[in-house]
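Below is one structure, written out as structure tokens; comments come after it.
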Amino acid sequence: MSVSSLQPVRGTHDLMPDDSRRHRWVEDTAFAAARRYGFGEIVTPIFEFTEVFSRTLGETSDVVTKEMYTFADRSGDSITLRPEGTAGVARAFISGGMAQSLPLKLFYRGPMFRHERPQKGRLRQFHQVGVELLGVETPQADIEVIALAWRLLSDLGLADKVQLEINTLGDAESRAAYRQTLTAYLSGHVDKLSEDSRNRLERNPLRVLDSKDEGDRRIVENAPAMGDSLTSAAREFFEQVTAGLTALEIPFVVNPRLVRGLDYYCHTAFEFTTTQLGAQGTVLAGGRYDELIATMGGPRTPGIGWAAGVERLSMLVGEPPPPARPIAVIPMGDASAAMVVAERLRRAGLAVELGYSGNMKKRMARANKVNARFAVILGEDEAARGAVTLRDLDGGTQDEVPLASLEDHLGRLS
RNA sequence: GCGGGUGUAGCUCAGUUGGUUAGAGCGCCAGUUUGUGGUACUGGAUGUCGUCGGUUCGAUUCCGAUCACUCGCCCCA
């Protein structure tokens with residue numbers, strides 16, 4: 001094993017207890033919110049057959065063309081570490097025959113993998129929490145799913161750090177019409193477009209709309225708007241979504257240039273963004289994907305969902321709730337007696353810190369460092385009386401209590 | 001995948017205009033207090049100066065490559 005192999009693989013990252021506590025808090029807050037909206041957790045494999053992703057995300061998307069962790073397993077099958085959650089959930093929906101139990105509300109969490117160049121808030125193995133609501137064609141689903149996202153961000157204390165942007169990509173008919181109109185317009189300005197946008201024009205013209213290039217933006221300003229190409233049904237759908245958000249007092253701005261990267265989206269597309277994470281402004285994003293499951297070979301089943309980056313959220317949230325403060329058990333002489341007492345307290349449901357070595361002074365210092373609330377001191381004098389010394393480490397006072405009723409005492413105090 | 005910046009103790013960072021023993025603060029360890037922590041005081045340990053190679057009598061310092069991190073682009077959570 002070489003020295004370099006002792007480093008974590010580029011773009012991956014260990015979470016030590018303080019970090020993982022924050023991480024877990026974000027996930028648990030998300031799941032708790034999702035449960036209030038009626039979502040249950042689904043756990044799918046972190047790898048799938050490559051086609052699950054390549055067929056669904058769009059052959060031209062960056063995720064598929066250059067970011068997937070794909071390898072052949074020992075039987076020669078092409079396997080891909082999941083780059084996102086929706087395709088796997090859709091696959092599970094089909095292979096599990098879950099069309100019988102619609103509507104279906106699923107929450108998921110876990111690692112995702114994309115071979116990109118790492119940056120702040122952008123890793124090769126990162127974590128997402130996400131939800132999918134399957135089987136509901138009406139805007140009520142869109143509203144509920146976005147409301148859940150807003151609830152989660154509010155619960156994390158991020159309501160004033162994020163902004164909701166929303167747009168409609170229309171139905172298939174609207175999109176085809178708009179794509180044609182837009183392509184025609186942009187083709188007329190090809191010589192003035194940036195190189196990136198000339199590429200986008202061929203692969204996915206909608207993405208020219210959110211180009212950051214100065215020159216592109218001037219051209220885009222005068223481009224025909226998606227809104228003008230919408231069918232009346234698509235327009236009405238979007239109006240109902242925005243009306244619902246207003247009714248629920250969820251602040252949003254309509255951004256007609258908002259486009260999603262993955263091909264399966266239609267109708268509602270939305271993003272919660274922040275200005276506090278540098279170039280990685282998107283913290284939670286999602287949209288509607290009515291044709292995805294049919295495209296994969298399942299029964300046509302409308303769906304809408306979102307995913308949020310746990311690392312990105314973790315960088316924005318404040319301190320997670322502190323862990324329960326332990327009781328420190330400190331033996332003066334007989335360490336095995338201390339183990340018995342510690343075990344008793346642990347069985348009673350208390351968090352107990354029992355040191356491994358050192359004199360009393362060191363053990364007290366250790367108790368202090370782990371933020372213990374009380375110290376149980378097992379001294380020889382007290383032991384002779386069947387008692388222990390219970391010290392309040394915040395107040396600095398201590399009392400002798402009978403060993404037999406130690407749990408009761410501690411239970412009353414905490 | 002493309003372009004810029006950075007890389008010195010566990011952490012945050014100074015420093016060496018190339019020269020013998022590389023520093024601070026925090027943290028860590030020990031002591032002042034051999035049955036009592038948090039404060040204070042005293043003392044101590046720590047580094048192949050990211051890695052490999054080049055120039056040089058001599059490189060942590062200059063040059064190159066490489067790796068990692070970081071900022072931006074692409075893209076995205």
Side-chain angles (χ1 to χ4, degrees), chain A residues 2-13 16 26 30 57-58 60-67 83-86 109-130 149 162 194-197 199-200 203-204 207 210-213 259-262 271-274 277-286 305-316 328 330-333 353 355 358-383 388-398:
Chain A
S2 66
V3 170
S4 69
S5 70
L6 292 177
Q7 304 183 321
V9 173
R10 181 172 209 194
T12 68
H13 178 249
M16 296 306 178
V26 170
L57 304 183
T60 60
S61 72
D62 274 43
V63 170
V64 169
T65 54
K66 53 183 202 196
E67 294 174 0
E84 57 99 47
T86 303
R109 55 174 138 190
M112 305 292 166
F113 306 84
R114 291 182 198 172
H115 191 106
E116 307 183 85
R117 180 138 176 192
Q119 259 178 261
K120 180 177 177 183
R122 191 162 105 184
L123 301 161
R124 288 184 174 181
Q125 176 177 337
F126 59 104
H127 297 78
Q128 289 186 334
V129 292
V162 297
S194 68
E195 195 184 325
D196 283 333
S197 283
N199 275 327
R200 285 189 274 238
R203 288 177 19 193
N204 188 347
R207 275 196 238 160
D210 64 356
S211 171
K212 288 175 189 167
D213 181 86
V259 176
R260 311 261 51 239
L262 308 179
E271 282 186 6
F272 286 85
T273 58
T274 178
L277 290 181
Q280 277 63 244
T282 304
V283 125
L284 182 155
W306 50 254
V310 175
E311 283 82 0
R312 290 185 185 177
L313 290 173
S314 294
M315 286 189 281
L316 294 176
I330 299 178
M332 290 309 307
E353 178 74 16
N359 57 23
M360 180 172 201
K361 183 182 165 67
K362 274 191 216 161
R363 287 172 184 267
M364 286 295 287
R366 172 77 187 163
N368 199 58
K369 190 154 32 181
V370 300
N371 195 30
R373 180 67 185 82
F374 295 99
V376 173
I377 298 164
L378 308 177
E380 285 165 17
D381 299 348
E382 300 94 311
V388 299
T389 295
L390 181 59
R391 181 172 178 83
D392 179 332
L393 293 174
D394 286 352
T397 59
Q398 62 189 44

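For A:Glu382 against B:G35, a side-chain N or O and a base N or O form a donor-acceptor pair under 3.5 Å. Remark: the A:Arg114 side chain and the B:C75 base include no donor-acceptor N/O pair separated by less than 3.5 Å. For A:Arg391 and B:G37, a side-chain-to-base donor-acceptor distance below 3.5 Å is present, hydrogens and geometry of angles not being considered. The base of B:G3 lies close enough to the side chain of A:Arg117 for a donor and an acceptor atom to sit less than 3.5 Å apart.
A:Pro83 places none of its side-chain heavy atoms less than 4.5 Å from the side chain of A:Glu67.
When the P atom of B:C29 is taken as reference, atom CG of A:Asn359 falls 12 Å away, rounded to whole Å. One interatomic measurement links the two molecules: NE2 of A:His127 to C1' of B:A77, which rounds to 12 Å at whole-angstrom precision.
Donor-acceptor pairing under 3.5 Å is lacking for the side chains of A:Thr389 and A:Gln398.
Close to B:C75, at under 4.0 Å from its OP1 or OP2, lies a side-chain N or O of A:Arg200. For A:Lys361 and B:U32, the shortest distance from a side-chain N or O to OP1 or OP2 is not below 4.0 Å. Between B:C73 and A:Lys212, a contact under 4.0 Å exists linking OP1 or OP2 to a side-chain N or O. For the OP1/OP2 pair of B:C28 and a distance below 4.0 Å, the side-chain nitrogens and oxygens of A:Lys369 include at least one atom meeting the criterion. Between A:Gln119 and B:G72, a side-chain N or O to OP1/OP2 separation shorter than 4.0 Å is present.
Of the candidate nucleotides B:C76, B:C69, B:G37, B:C76 has the atom nearest to the side chain of A:Thr282.
Ranked by how close their nearest RNA chain B nucleotide is to the 5' end, A:Ile377 and A:Ala308 are led by A:Ile377.
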